[in-house]
Amino acid sequence: MPPSNRTDADNAAESALVARCRQGDAAAFEAVYRRHAPRVFSLACRMTGSRADGEDLLQEIFLLVHRKLDGFKGEASLGTWIYRLAANCCVDFLRSRQHRDRQATDELDDAVTPARSAPGLRVEQLDLERAIERLPPGYRAAFVLHDVEGFEHAEVARLLGIAEGTSKSQVHKARLKIRAMLASRPAMGL
Amino acid sequence: MTCDLARERIGGLVDGDLDSAARAELHAHLATCASCAALAEDLEIVRRASRSLPTLDPPERVWTAIARQLPVQAINRSASRSREWVKVTLAIAAVLLAAVAITMLVRRGRSVESQVAESASHAMPSPAQPGPQPGAQSADSADLKSLQSELQQAESHYENAIQKLETLAKDRRTLNPQDAAILQKNLLLIDSAIGESRAALKAQPANDMAQESLFEAFRSKIALLQDTISLINEMRKGNQAEAARIADGLNKS
């Protein structure tokens with residue numbers, strides 16, 4: 001995860017906000033949502049490969065945050081705490097869908113081959129987002145957590161319940177697939 | 001190094017996981033193999049581009065949906081308020097304890113005082129010395145002042161407790177108009193009794209009945225305010241049966 005440069009004032013303001021949330025202050029909880037929702041939403045959309053699922057998960061995650069806020073000890077920042085809760089929710093969501101998607105994953109595994117059609121890969125943000133959406137769910141989860149969100153492989157492995165070596169392998173394969181998709185944009189419909 | 005082995009290690013190179021020997025060996029291969037070099041370069045581009053993807057703004061409808069599902073919050077707020085009320089009530093209880101203790105001291109002092117006065121009147125009924133000694137008069141005056149001071153202290157403790165309870169009992173929006181009207185009527189009656197007792201005590205500071213009447217009015221007001229707070233609490237919790245029981249008690253008081 002990216003490092004945070006937090007000051008004592010930030011910590012004090014956050015503690016005050018959490019205290020207000022615990023007292024049932026709806027405005028304080030909305031402030032927490034406004035501050036942290038974009039990052040959680042980005043994670044949820046990219047992990048699931050769907051904005052609709054991202055919206056459902058965002059809602060579910062913040063209702064969970066609201067319910068669990070009494071258990072927030074302040075050992076990590078509120079943002080980190082929410083983010084880890086969000087990552088776990090996303091992983092649970094993917095697990096619940098895993099059996100349904102396994103067939104599609106296998107088909108996609110065989111369909112994509114690493115290739116480069118022109119020298120120098122050009123990456124447009126929108127194409128990259130679409131390529132990530134088209135990754136098989138297992139690869140996508142490891143790739144998003146590692147390459148997009150900046151988790152270490154050990155943390156990705158722990159979150160996804162896989163071996164660290166598997167995380168490295170899945171991230172590498174995801175990069176290869178994205179490269180192939182970006183290199184052959186028209187063929188992939190990007 | 002073969003291209004297959006190089007491709008296996010490129011992931012580690014992009015992640016920065018390779019030790020220096022493996023990295024040097026791979027770089028040597030990349031320097032001579034354009035295909036593997038292009039792969040390494042592209043994967044690095046993908047990693048960097050992915051890391052710098054912007055965050056996405058959720059649509060407003062998500063917050064609207066969340067906000068709609070937060071009625072639980074009201075319950076938490078109510079529970080939290082109840083906890084606060086318990087703290088305040090405990091503080092008020094401590095103040096009342098002090099008031100009662102002072103009242104008892106005042107009564108005991110008064111009782112000893114009257115016993116002394118009574119025995120003195122029986123022991124020395126001398127017509128030759130109709131009035132009290134100058135020293136005794138001075139002591140009586142000091143006793144009276146001390147008694148008045150203790151009375152004021154007890155009164156101030158009661159008033160302090162009442163003020164705190166009144167603050168808590170002020171928010172009667174949850175009460176039905178009938179209960180609120182009965183409460184208001186009872187409070188006015190008690191306030192009137194307090195006013196009358198105060199006036200009597202001012203005229204006769206050593207009047208036992210006036211003093212007891214004032215303290216009794218204070219205690220009644222405290223009991224009524226405590227019942228009011230309990231009633232508000234039960235209404236907020238939605239405990240209709242308990243609220244009805246308390247309201248019934250208020251009607252009878």
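Computed from a predicted model, the values in this text were never measured in an experiment.
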Within a strict 4.5 Å, meaning less than it, do heavy atoms of the B:Q69 and A:Q59 side chains meet? yes
Side-chain touch A:L176/B:L39, heavy atoms, less than 4.5 angstrom: yes
Which bit of B:E44 comes within less than 4.5 Å of chain A, counting heavy atoms only: side chain, backbone, both or neither? neither
Which bit of A:I132 comes within less than 4.5 Å of chain B, counting heavy atoms only: side chain, backbone, both or neither? side chain
What pair of heavy atoms forms the shortest contact from A:S42 to B:T55, and how long is it? OG-CA, 3.2 Å
A:L58, part contacting chain B, at a heavy-atom distance under 4.5 Å: both
Using a 6.0 Å cut-off, check whether atom CZ of A:R34 has over 12 heavy atoms from anything other than its own residue. yes
Separation between CG (A:D147) and CG (B:L53), nearest 0.5 Å, reads 10.0 Å
A:R175/B:E41 ion pair, N-O < 4.0 Å: no
side-chain contact (heavy atoms from CB on, under 4.5 Å) between B:L43 and A:H172, worked out: CA-CA 8 Å; B:L43 295 192; A:H172 182 59; 3.5 Å; yes
Whether B:S50 side chain and A:V148 backbone form a donor-acceptor pair below 3.5 Å: no
Show the nearest heavy-atom pair for residues B:P58 and A:A37, with the distance to one decimal. CG-CB, 4.0 Å
Region of A:E60 in contact with chain B, defined by heavy-atom distances below 4.5 Å: neither
According to the side-chain hydrogen bond (donor to acceptor under 3.5 Å, both in side chains) rule, which pairs have a member within residues 45-55 of chain A, sequence neighbours left out? A:R46-A:E129, A:D53-A:R97, A:E55-B:R61
Side-chain heavy-atom pair B:V62, A:F62 within 4.5 angstrom cut-off: no
Would you mind reporting whether A:H66 and B:I66 have side-chain heavy atoms less than 4.5 Å apart? no
Is any side-chain N of the basic residue among A:K168 and B:D17 closer than 4.0 Å to the acidic one's carboxylate O? yes
